[in-house]
Q: 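Take a look at the following structure, please.
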Amino acid sequence: MSRRVSLLAELIVNFLLPWLCYRWGKPHWGEMGGLLLSAAPPIVWSLWELWRNRRVDALSMLVLLGIALSLLAMLLGGSEKMMLLRESLLSGLFGGAFLLSLLFPRPLVFYLARATIERREEGGESDVIGCGGRWSFGG
């Protein structure tokens, strides 16, 4: 599969399908049902990628962790607005972790990029080592 087709498929599964699931599920099961249904396409996509590649993708694991934490928080109860508030809190916590990692020699984004290079390149071990060797802290 070409990179453009792969990127288009990821955009459809991770952005368009959750929106469509929400729009379809909300009239049938309410806002909470629509929100829960919108989590299904990214979960299925991440599990499919894990099964297909037989490798753990760091970014997919972050997405699955966020969805799992959201579903766990949903079990604690509350209204739809509380669920959306918890979603925002989780996003803020992930964002804060990425911002705080800028204080370290190699931020979290470095490790995510390295994992992505390793996953996308068949014999990418030399590229991964080169990526770490070229990294310099500009501060």
Q: Please check this pair: side chain of S101 against backbone of L108, looking for a donor-acceptor N/O pair closer than 3.5 Å.
A: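 Side chain of S101 to backbone of L108: a pair is present.
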Q: Tell me whether L7 shares a hydrophobic cluster with L112, the cluster being built from Ile, Leu, Val, Met, Phe, Trp, Tyr side chains joined at under 4.5 Å.
A: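 Hydrophobic grouping puts L7 apart from L112.
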Q: Taking the side chain as every heavy atom from C-beta outward, state whether L16 and L11 have any atom pair closer than 4.5 Å.
A: no
Q: Report whether L93 and L99 are members of the same hydrophobic cluster (ILVMFWY, side-chain heavy atoms less than 4.5 Å apart, transitive linking).
A: no
Q: Could you walk me through whether F15 and E10 pass the side chain to side chain contact (heavy atoms under 4.5 Å, CB included) check?
A: CA-CA 8 Å; F15 292 105; E10 287 191 39; over 6 Å; no
Q: Taking a hydrophobic cluster as the set of Ile, Leu, Val, Met, Phe, Trp and Tyr residues connected by side-chain heavy atoms closer than 4.5 Å, whether directly or through intermediates, do L17 and L8 fall within one such cluster?
A: yes
Q: Check the hydrophobic clustering (I, L, V, M, F, W, Y; side-chain heavy atoms under 4.5 Å; chains of links allowed) and say if I43 and L37 are grouped together.
A: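 Different hydrophobic clusters.
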Q: Compare all side-chain heavy atoms of W24 with those of W19 and state whether any distance is below 4.5 angstrom.
A: no
Q: Establish, yes or no, whether a centroid distance under 6.0 Å links the rings of W48 and W51.
A: yes
Q: Restricting to non-hydrogen atoms, name the atom on R106 and the atom on Y111 that form the minimum distance, rounded to 0.1 Å.
A: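 Nearest heavy atoms, R106 then Y111: O-CE1, 3.5 Å.
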Q: If I compare all heavy atoms of P18 with all of P41, which pair ends up nearest, and what's the gap?
A: N-CG, 4.1 Å
